[in-house]
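Structure record follows, encoded as structure tokens.
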Amino acid sequence: MNEVLIREIKEYAKQNDVPIMQDEGIEFLTNFIVKNQITTILEIGTAIGYSAIMMALTNPRIKVVSIERDEERYLEALKNVKKFGLETRITLLFKDALEVNLKEKFDLIFLDGAKGQNINFFEHFERNLENDGFIITDNIGFHGYVEKDESEIKSRNLRGLVKKIKAYIEYLKENPNYTTTFYKKGDGISVTQKKEIR
Ligand code: SAM
């Protein structure tokens with residue numbers, strides 16, 4: 001792995017306020033990919049390509065399709081993917097994820113887009129999940145706010161967002177077709193799998 005290039009991407013993210021996965025979260029995700037022999041990945045929320053690149057680097061057989069709706073970030077991600085020579089294994093799509101209709105199925109769908117949209121993303125993309133595949137969602141803890149009493153959250157927007165994340169957690173817990181495990185890693189990660197493996 002090119003440590004210098006990775007450091008540059010992380011530095012760019014910091015300087016430009018681009019939210020990328022925390023170290024503990026990325027470690028969990030990449031270990032999960034290796035352990036479960038994942039080879040096809042769909043990511044919602046590329047930002048500047050950091051997590052897509054980290055996932056692709058775990059194994060030369062891995063192919064990633066990643067969707068981003070912000071043009072500046074998408075263009076930066078294209079540059080970063082090129083720097084790593086991963087153009088043939090990482091396909092970047094510049095579009096709102098909910099307008100993307102894919103035919104392929106994936107071993108892993110990684111939800112890391114707008115945090116209030118997770119139920120929509122889940123329902124839009126579950127058709128693209130292999131029967132024994134996984135849906136992983138980042139920021140389930142949302143910087144500790146999900147565990148806080150709502151009266152402690154002063155900003156109305158933030159309260160609304162936290163409500164939506166809580167609703168997504170409930171949605172996962174109550175979904176009869178899937179089982180979900182929640183991990184306190186990074187900003188909180190959930191791993192969801194179909195109940196019946198046919
Ligand atoms: N996965 C990235 C990483 O760790 O390197 C970080 C992704 S960042 C947390 C979330 C990104 O999702 C933002 O760049 C945002 O523009 C994008 N996004 C949010 N909603 C989206 C949507 N509906 N379709 C496509 N991209 C979306």
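FYI, the numbering just counts along the sequence from 1. Counting convention: from 1, in listed order, for ligands and their atoms alike. Note that these values count all heavy atoms, side chains included, but never hydrogens, waters or copies made by symmetry.
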Nearest neighbour in protein (non-hydrogen) for [atom]:
atom                    : result
atom 10 (C) of ligand 1 : Asp112 O, 3.0 Å
atom 12 (O) of ligand 1 : Gly45 CA, 3.2 Å
atom 20 (N) of ligand 1 : Ala114 N, 3.1 Å
atom 16 (O) of ligand 1 : Glu68 OE2, 2.6 Å
atom 8 (S) of ligand 1  : Pro19 O, 3.3 Å

Would you call [X] and [Y] a salt bridge, taking side-chain N to carboxylate O under 4.0 Å as the test?
X      : Y      : value
Glu147 : Lys184 : yes
Glu126 : Lys194 : no
Asp112 : Lys115 : yes
Glu76  : Lys79  : yes

[X]: numbered ligand 1 atoms lying under 4.0 Å from its heavy atoms:
X      : answer
Lys95  : 24 (N), 25 (C)
Tyr50  : 5 (O)
Asp96  : 22 (C), 23 (N), 24 (N)
Ala97  : 22 (C), 23 (N), 24 (N), 25 (C)
Glu43  : 1 (N)
Phe121 : 22 (C), 23 (N)

Of the listed options Gln22, Arg69, Met55, closest to atom 27 (C) of ligand 1 (non-hydrogen atoms):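 Heavy atom nearest to atom 27 (C) of ligand 1 belongs to Arg69.
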Heavy-atom proximity to atom 2 (C) of ligand 1, best of Ala13, Ala52, Ser51, Gly25: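 Nearest option to atom 2 (C) of ligand 1, by heavy atoms: Ser51.
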Structural part of Val18 in contact with ligand 1, heavy atom criterion under 4.0 angstrom: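 None of Val18 does.
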CG/Asn177: more than 12 non-hydrogen atoms of other groups inside 6.0 Å: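 Atom CG in Asn177 is crowded, with more than 12 foreign heavy atoms closer than 6.0 Å.
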Heavy atoms from other residues, nucleotides or ligands near NZ of Lys166 exceed 12 (cutoff 6.0 Å):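 Yes.
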Quick check: [X] and ligand 1, any N/O pair under 3.5 Å apart?
X      : answer
Met21  : yes
Leu98  : no
Lys115 : no
Asp70  : no

Heavy-atom side-chain proximity of Ile33 to Asn59 below 4.5 angstrom: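 Side-chain contact under 4.5 Å: no.
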Between Ser155 and Asn157: side-chain donor-acceptor atoms closer than 3.5 Å: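 There is no such pair (donor and acceptor under 3.5 Å, judged by atom type) between the side chains of Ser155 and Asn157.
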Glu104-Thr40 side chain donor-acceptor pair, cut-off 3.5 Å: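 Side-chain D/A pair, Glu104 to Thr40: absent.
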Aromatic ring pairing Tyr171/Phe122, orientation class (parallel under 30°, perpendicular over 60°, tilted between):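 Tyr171 vs Phe122 ring planes: perpendicular.
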Sidechain-backbone polar pair: Asp96 side chain, Leu98 backbone, donor-acceptor under 3.5 Å: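 Pair found, side chain donor or acceptor close to backbone of Leu98.
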Test item, Arg73 contacting ligand 1 (heavy atom, 4.0 angstrom):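 So Arg73 counts as touching ligand 1.
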Contact with ligand 1 for Ile26, non-hydrogen, under 4.0 angstrom: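 Under 4.0 Å: no for Ile26.
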CD1-CZ distance between Ile44 and Phe110, expressed to the nearest 0.5 angstrom: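 So the CD1 of Ile44 and the CZ of Phe110 are separated by 10.0 Å.
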